[in-house]
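Comments concern the structure below.
Atoms considered below: every heavy atom in the structure, side chains included; atoms not considered: hydrogens, waters and symmetry mates. Since the model is a prediction, treat every value here as computed from it, not as a measurement. Chain A is the first sequence line, chain B the second, and so forth, proteins listed ahead of strands; every chain is numbered from 1.
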2 protein chains.
Amino acid sequence: MPDMPISRLTTTCSTCAIRNRAICADLNDAEIGLLNGIGRRRTLAAGEQVMWEGDEAVLVANVIEGVLKLSSHSADGKEQILGLVYPSDFLGRPFGETSPYGVEALTEAHICVFERTDFDRFAREHPRLEHKLLERTLAELDRTRRWMVLLGRMNAEQKVASFLLEMAERLGVRAIDGPVRFALPLSRQQIADVLGLTIETVSRQLTRLRNEGAIELPSRREVMLRDPADLEVRAG
Amino acid sequence: MPDMPISRLTTTCSTCAIRNRAICADLNDAEIGLLNGIGRRRTLAAGEQVMWEGDEAVLVANVIEGVLKLSSHSADGKEQILGLVYPSDFLGRPFGETSPYGVEALTEAHICVFERTDFDRFAREHPRLEHKLLERTLAELDRTRRWMVLLGRMNAEQKVASFLLEMAERLGVRAIDGPVRFALPLSRQQIADVLGLTIETVSRQLTRLRNEGAIELPSRREVMLRDPADLEVRAG
DNA sequence: CGGACGGTTGAGAGTTCTCAAGAGAAGTGG
DNA sequence: CCACTTCTCTTGAGAACTCTCAACCGTCCG
């Protein structure tokens with residue numbers, strides 16, 4: 001795994017791909033300039049770990065590009081993925097001592113990193129930023145709670161169908177019920193860890209969806225949703 | 001179900017049981033006075049519904065006493081409880097159009113209610129309050145994610161043992177590994193809805209824990225944890 | 001006393017997991 | 001460029017767990 005270089009931002013935030021979608025969206029030029037001063041851009045290789053479960057929470061970040069996972073382990077060592085983080089999402093645990101989960105890049109990723117203490121101070125001094133962060137956290141809590149329904153009340157087929165639809169949605173490739181094709185940022189094992197299933201069950205469900213014409217699997221890491229409306233029905 | 005009276009706060013916040021634990025904790029006297037002006041105290045009977053899934057989010061509140069549940073339904077009508085809310089917790093969805101879950105009092109409860117729009121305005125004008133709310137929301141998100149591990153990766157025994165321990169913890173009755181006895185605010189069906197199990201499985205697990213000496217069940221709505229350390233082991 | 005309700009218990013079915021083997025793709029070194 | 005290794009994914013068979021359906025028990029209340 002190569003050690004990627006860490007450098008101060010060379011581009012201004014104003015050219016940032018997520019300038020208007022991330023929590024920085026409401027800041028004025030002066031504020032953005034200040035934030036620029038404490039942030040740095042960092043590239044992560046696929047599979048690279050950025051934070052560790054239980055470790056001191058040193059960093060927070062905005063995701064510029066790529067997909068990352070948040071995960072935790074049960075006492076007997078089984079992994080459960082707690083969430084996936086996409087471009088413009090906020091990453092890390094501000095105002096917290098330790099990170100309650102590990103964070104790993106699933107694809108190559110670009111993130112805009114801050115020392116947590118720097119960020120905490122900046123946020124407390126800029127209520128507009130803190131407000132954005134609050135709205136985002138509330139939205140994330142809503143999403144997480146919806147995921148609980150999936151984990152607690154859905155069967156394997158419903159879980160896999162829901163997963164594929166949400167993935168298309170969050171990757172921004174979802175057309176209005178036309179077929180969509182995209183690269184899966186997760187391995188079968190990781191999908192299982194998101195859904196609270198085993199790898200075999202995920203594999204069987206995907207095969208079944210393929211055999212029944214709902215999806216195609218052109219390669220291991222690619223999927224095509226042939227009939228999103230059908231998947232919606234299967235998702236329950 | 002009696003219609004409980006709604007009245008402006010007669011007691012000042014300074015005598016409020018949760019004054020130092022709720023999100024109001026950091027406000028000074030002047031600010032508290034203002035907040036007092038837009039809030040009212042309300043008593044809920046056990047079983048009374050305060051918010052409805054999908055409805056406009058009209059109210060937010062602080063819980064003063066009692067336990068409430070947040071719940072949502074899967075497409076085929078099965079209920080999943082998304083969270084339990086205890087004294088000093090914040091309730092409702094600020095800065096949101098609709099409530100993503102229904103809220104129902106499980107026990108008789110006292111809450112301190114605000115019109116959401118009043119509260120939103122007040123929060124935006126008082127960053128210290130908004131900061132408290134952010135910290136609470138972040139903590140709630142952490143707790144919710146931990147619950148995901150339970151739903152996704154635990155078996156029935158681990159779920160029930162974890163549930164009993166968390167309940168004792170949040171009710172504040174948990175001694176350091178001595179036996180504890182408390183009233184369950186939930187029916188068997190509701191416990192099942194929290195844990196993503198059926199009522200029969202919950203019942204069987206409780207019976208088994210009783211037969212093996214880990215707990216006692218003096219009545220339907222009471223439980224005694226005879227050996228919390230043993231439960232910790234069973235919780236995994 | 002009889003009904004309603006919540007909870008418990010039992011038996012069998014169904015789904016998912018576990019264990020095991022094999023196929024396919026990707027990477028390594030000669 | 002091809003054997004070889006390794007890793008991921010798929011498939012199968014049987015076990016285990018939880019669910020479903022059904023009956024029953026105890027308590028509360030009219």
Side-chain angles (χ1 to χ4, degrees), chain A residues 1-2 45-47 74 76-80 104 106-107 150-164 183-212 215-223 234 236, chain B residues 1 46-47 69 74 76-81 104 106-107 150-164 183-212 215-223 234 236:
Chain A
M1 193 129 324
S74 63
D76 48 343
K78 280 182 286 193
E79 178 163 16
Q80 172 69 47
E104 183 185 317
L106 295 174
T107 63
L150 178 144
L151 288 174
R153 289 293 180 216
M154 288 188 183
N155 63 27
E157 181 181 38
Q158 294 174 313
K159 285 179 176 181
V160 171
S162 300
F163 169 79
L164 292 173
L184 281 171
L186 288 79
S187 69
R188 296 291 188 270
Q189 181 60 60
Q190 289 166 336
I191 296 174
D193 293 334
V194 169
L195 300 178
L197 297 170
T198 58
I199 182 174
E200 295 95 332
T201 300
V202 170
S203 182
R204 279 188 252 269
Q205 291 299 329
L206 286 173
T207 304
R208 188 151 155 257
L209 288 174
R210 174 169 56 69
N211 291 344
E212 297 180 0
I215 64 172
E216 279 178 38
L217 299 166
S219 77
R220 286 183 169 179
R221 286 302 187 108
E222 277 181 306
V223 67
R234 292 172 190 269
Chain B
M1 195 132 318
K69 68 165 192 190
S74 63
D76 47 343
K78 278 180 288 190
E79 177 163 16
Q80 170 70 47
I81 293 186
E104 182 186 318
L106 295 174
T107 62
L150 176 144
L151 287 174
R153 289 296 182 212
M154 289 189 182
N155 62 28
E157 180 181 39
Q158 293 173 314
K159 285 179 176 181
V160 171
S162 299
F163 168 79
L164 292 173
L184 281 172
L186 288 79
S187 69
R188 297 290 188 271
Q189 181 60 60
Q190 289 167 335
I191 296 174
D193 292 336
V194 170
L195 299 178
L197 296 171
T198 57
I199 182 174
E200 295 94 332
T201 300
V202 170
S203 181
R204 279 187 252 270
Q205 291 300 328
L206 286 173
T207 304
R208 188 152 156 256
L209 288 175
R210 173 169 57 69
N211 291 344
E212 296 180 1
I215 64 172
E216 279 178 38
L217 299 167
S219 77
R220 287 182 170 177
R221 286 302 187 108
E222 278 182 306
V223 66
R234 291 173 191 267

Requested in this report: Report the distance from atom CD1 of A:Ile199 to atom C1' of C:dA20, rounded to the nearest whole Å.
Outcome: 14 Å
Query raised in the report: Is the closest side-chain heavy-atom distance between A:Leu164 and A:Leu206 below 4.5 Å?
Result: yes
Query raised in the report: So do the side chains of A:Gln158 and A:Asn155 get within less than 4.5 Å of each other, counting heavy atoms only?
Result: yes
Report task. Provide, to the nearest angstrom, the distance between the CG atom belonging to B:Leu217 and the P atom belonging to C:dG6. Result -> 18 Å
Query raised in the report: Are side-chain heavy atoms of B:Glu200 and B:Arg204 found at a separation under 4.5 Å?
Result: yes
Query raised in the report: Between D:dC9 atom C1' and A:Arg208 atom CZ, what is the distance in whole Å?
Result: 19 Å
Query raised in the report: Which of these nucleotides, C:dT9, D:dC9, D:dT10, is closest to any side-chain atom of A:Ser187?
Result: D:dC9
Query raised in the report: Can you tell me how far C1' of D:dG26 sits from CD of B:Glu222, to the nearest Å?
Result: 17 Å
Query raised in the report: Just how far, in rounded Å, is C1' of D:dT11 from CG of A:Leu206?
Result: 14 Å
Requested in this report: Taking the side chain as every heavy atom from C-beta outward, state whether A:Asp193 and B:Arg153 have any atom pair closer than 4.5 Å.
Outcome: yes
Report summary line: Between CG of B:Leu186 and C1' of C:dG7 the distance, given in whole Å, is 15 Å
Query raised in the report: On a plain distance test, is the side chain of B:Arg220 in donor-acceptor contact with the base of C:dG7 below 3.5 Å?
Result: no
Query - Value in whole Å for how far the P atom of C:dG7 lies from CZ of B:Arg221 - result: 6 Å
Report task. Keeping the roles fixed (side chain from B:Ser203, backbone from B:Ile199), state whether a donor-acceptor pair exists under 3.5 Å. Result -> no
All N/O contacts under 3.5 Å from nucleotides 17-24 of chain D to the protein, with atom names and distances to one decimal?
{"from": "D:dT18", "atom 1": "OP1", "to": "B:Ala156", "atom 2": "N", "distance (Å)": "2.6"}
{"from": "D:dC19", "atom 1": "OP2", "to": "B:Thr198", "atom 2": "N", "distance (Å)": "3.3"}
{"from": "D:dC19", "atom 1": "OP2", "to": "B:Thr198", "atom 2": "OG1", "distance (Å)": "3.1"}
{"from": "D:dC19", "atom 1": "OP2", "to": "B:Thr201", "atom 2": "OG1", "distance (Å)": "2.5"}
{"from": "D:dT20", "atom 1": "O4", "to": "B:Arg204", "atom 2": "NH2", "distance (Å)": "2.9"}
{"from": "D:dC21", "atom 1": "N4", "to": "B:Glu200", "atom 2": "OE2", "distance (Å)": "2.9"}

Query - Verdict with reasoning, B:Glu212 to B:Arg234, per side chain to side chain contact (heavy atoms under 4.5 Å, CB included) - result: CA-CA 12 Å; B:Glu212 296 180 1; B:Arg234 291 173 191 267; 2.9 Å; yes
Report task. Starting from P on D:dT8, measure out to CG on A:Leu106 and report it in whole angstrom. Result -> 14 Å
Requested in this report: Please evaluate the base of D:dT8 for a donor-acceptor partner in the side chain of A:Arg188 within a cut-off of under 3.5 Å?
Outcome: no
Query raised in the report: Do A:Gln80 and A:Leu151 come within less than 4.5 Å of each other through their side chains, counting heavy atoms only?
Result: yes
